[in-house]
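The structure under discussion appears below in the form of structure tokens.
Atoms considered below: every heavy atom in the structure, side chains included; atoms not considered: hydrogens, waters and symmetry mates. As the structure is a computational prediction, the values presented were derived from the model and not from experiment.
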Amino acid sequence: MRRCYSTFVTATKFKSPLNSKHQLLALTDSCKSMDQMKQAHALLVTTGLILHPIPATRLLKLLTLSSFASLPYAQLLFDQIPSPDLFIYNTMIKAHASTTDSSCSSLLIFRSILRDSSLVPNQYTFVFVLKACSQGLGIREGQQVRVYAMKVGLESNVFVTNALIQMYANCGSVDDARMVFDWSAQRDLFSWNLMIGGYVGSGDVIHAKELFDAMPERDVVSWSTMIAGLVQVGCLIEALELFREMLQTGPKPNEFTLTSVLAACANLVALDQGKWIHVYIDKVGIKMIEQLLASLIDMYAKCGEIELASNVFHGEAGTRKTVWPWNAMIGGFAMHGLSHEAIDLFEQMKMKSIGPNKITFVALLNACSHGKLVEEGKWYFKSMSSCHGIEPEIEHYGCMVDLLGRAGLLKEAEEIILAMPMAPDAVIWGALLGACRIHRDTEMGDRIAKAIKELDPYHVGCHVLLANMYSSSGRWKEAKAVREKIESGGTKKTPGCSSIELNGVFHQFLVGDRSHPQTKQIYLFLDEMTMKLKLAGYVPELREVLLDIDDEEDKETALSRHSEKLAIAFGLINTEHGTPIRIVKNLRVCQDCHQAIKFISKVYEREIIVRDRIRFHHFRNGQCSCRDYW
DNA sequence: GTAGGGTTAG
């Protein structure tokens, strides 16, 4: 470093004075570090060139855009420029706009432009200051800026229009964004894309699709935004269909498109399509950005292929420099119950000085939870703020409640909730209620139920848990009351749904579903299967029946119609002996199904991989990878 | 002599 520095200075010292201005400018542009930049700054000051707008601008550019950018330094430099030109003002507004906590500085600088009678803000000024409004300030400030744009006749400028659309959409007012869009005199591809993005951001894919279909022309951003929107709201099959259409008639997908498409594959457990994308990335030479790598890892992990996920993680040269792929891999290990692998990876990450973020800790704490690693979990939780400067958020407290609750430490879990710095929500009480149900502590369950009822009388998930807890302890009246309350609230319980892919087609089953063309065959197979399982020692877990049925035989029937059993029966009927069966369930697998599937894996000699809402269960030869702890 | 858009994990 020292050496660099001296060559740097010598190189400038001996140039002729005539050349020095250009030399200095070139030198400023070539700075590769803060140290070099400071040298250049010093030279500009001693030569007096700093007073000239062009060298000052070059320096400012370094301070706001380079890898060693420093906003405070930029601000100091800016404050010393006697009369900045509009470009310099704009550069500063832009620099402050990109960070949420300094976006009010953008507005202050904008105001100083307005005070300077020799300057009139231009389209760039408005674009940058509106960006600050959409990221940190707010809609009120945005409105004020809009009035100034009107005053100087720039409101209908297409760049300003687009910035306004984005400002309104980001501030949560998609209707205002639409008004700007509809009334704009000039509109380009960007306007359409931003408007679609605005709808997607508010979860309104219906309107987004409407605009997408009506567009005069679509580019890769239009397609990517639309596909991402569909994935975000869970319309995964539609997202894949749109992607197929894109391949046939649209522009070439890029790394952003494929990130979303892989997320769709991951959540559908569409392993074949996910693999196809992987090959496509290599074949077409898609840029392997860290987020794409993370999606690829996540896809393999969520499709049950943790080894392939690990190969991808270790395989890509020159990657793993950001937290993304690490989080995907730690999360993958966690959902496969590979707690120690997750912890090892976290330790490696620390050694490589890659800073963990809040997502890392969610994954890590989940790993501890699934492995019943109570002490490790507590330790890592404490380390969040003490070693990494990350304040635990409610999700992290939720992980701790889950970890302790699942391990049977109900009291300690409750103490965590009562002591945490934020107000508990229905979700976190729900985690504890779930633990009460597992450990059949109805006394505490009752108390928590009361808390949930007060907090959020219509939280469906928690009320379902509550009803389940009541019915599994035989308190049918109370169970019924809760269920009626759920129904009267107008919201319906998410029905349990399991799906299985067969030759690229997804088959979905609900509880007691009779809509499938092979229904008759499936139900006959189920009856026969239940007999075979019983002969092998399977005993139905009747406490899992959630309806008030007196007859024990009927209880058994209710259990045997659970969606995961239907999907497995379908898989056993339609695939060759020995092929693994992959099932995805949208909720958690029940105790009885878990027990039954263990027997199925043994009796039918099949590997069965079930992904529930939280994690994987790998059933093989009568055993499950979760070791019955989930 | 420059400056505007899209992915975001549980």
Can you tell which of [options] lies closest to the side chain of [X]?
X	options	value
Thr259(A)	dT7(B), dA3(B), dG6(B)	dT7(B)
Ile359(A)	dG1(B), dA9(B), dT8(B)	dA9(B)
Ser260(A)	dG6(B), dA9(B), dT7(B)	dT7(B)
Asn357(A)	dG1(B), dA9(B), dT7(B)	dA9(B)
Val220(A)	dA3(B), dG1(B), dG6(B)	dG6(B)
Val323(A)	dG5(B), dT7(B), dA9(B)	dA9(B)
Asn366(A)	dA3(B), dG10(B), dG6(B)	dG10(B)
Val221(A)	dG10(B), dA3(B), dG6(B)	dG6(B)

Are more than 12 heavy atoms, taken from residues, nucleotides or ligands other than [X], located less than 6.0 Å from that residue's [atom1] atom?
X	atom1	result
Tyr148(A)	OH	no
Glu307(A)	CD	no
Trp183(A)	CH2	no
Lys350(A)	NZ	yes

Write down the distance between [atom1] ([X]) and [atom2] ([N]), rounded to a whole number of angstrom.
X	N	atom1	atom2	value
Phe313(A)	dA9(B)	CZ	P	19 Å
Gln123(A)	dG5(B)	CD	P	13 Å
Asn267(A)	dA9(B)	CG	P	10 Å
Lys131(A)	dG5(B)	NZ	P	5 Å
Ile113(A)	dA3(B)	CD1	P	17 Å
Tyr199(A)	dG6(B)	OH	C1'	18 Å
Tyr397(A)	dG10(B)	OH	P	23 Å
Met226(A)	dG6(B)	CE	P	17 Å

Look at all strands and tell whether [X] reaches a base, only sugar-phosphate, or nothing, counting heavy atoms closer than 4.0 Å.
X	value
Lys358(A)	nothing
Val160(A)	nothing
Ile289(A)	base
Ser295(A)	nothing
Ile614(A)	nothing

- [ ] For the pair Arg588(A) and Asp612(A), find out whether any cationic side-chain nitrogen is under 4.0 Å from an anionic carboxylate oxygen.
- [x] yes
Open item on the list: Students often mix this up, so state it plainly: with edges at 30° and 60°, are the rings of His336(A) and His618(A) parallel, tilted or perpendicular?
Closed with: tilted
TODO: Return no unless some side-chain N or O of Lys302(A) is found under 4.0 Å from OP1 or OP2 of dG10(B).
DONE: yes
Task: Test item: Gln273(A) and Phe243(A) side chains (from C-beta on) under 4.5 Å apart, heavy atoms - done: no
What is the distance from atom [atom1] of [X] to atom [atom2] of [Y], rounded to the nearest 0.5 Å?
X	Y	atom1	atom2	value
Ser118(A)	Ile113(A)	OG	CD1	10.5 Å
Gln75(A)	Met92(A)	CD	CE	4.0 Å
Cys368(A)	Leu364(A)	SG	CG	5.0 Å

- [ ] Return the residues of residues 162-197 of chain A meeting this criterion: a heavy atom under 4.0 Å from some atom of DNA chain B. Order them by number, or give none.
- [x] Asn162(A), Gln166(A), Phe190(A), Asn193(A)
Task: Residue-level proximity of residues 201-219 of chain A to DNA chain B when a heavy atom falls under 4.0 Å - done: Asp219(A)
Open item on the list: With the stacking rule set at 5.5 Å and 30°, tell me whether Trp324(A) counts as stacking on dA9(B).
Closed with: yes
Open item on the list: Quick check: Phe361(A) with Phe381(A) (ring centres under 6.0 Å apart)?
Closed with: no
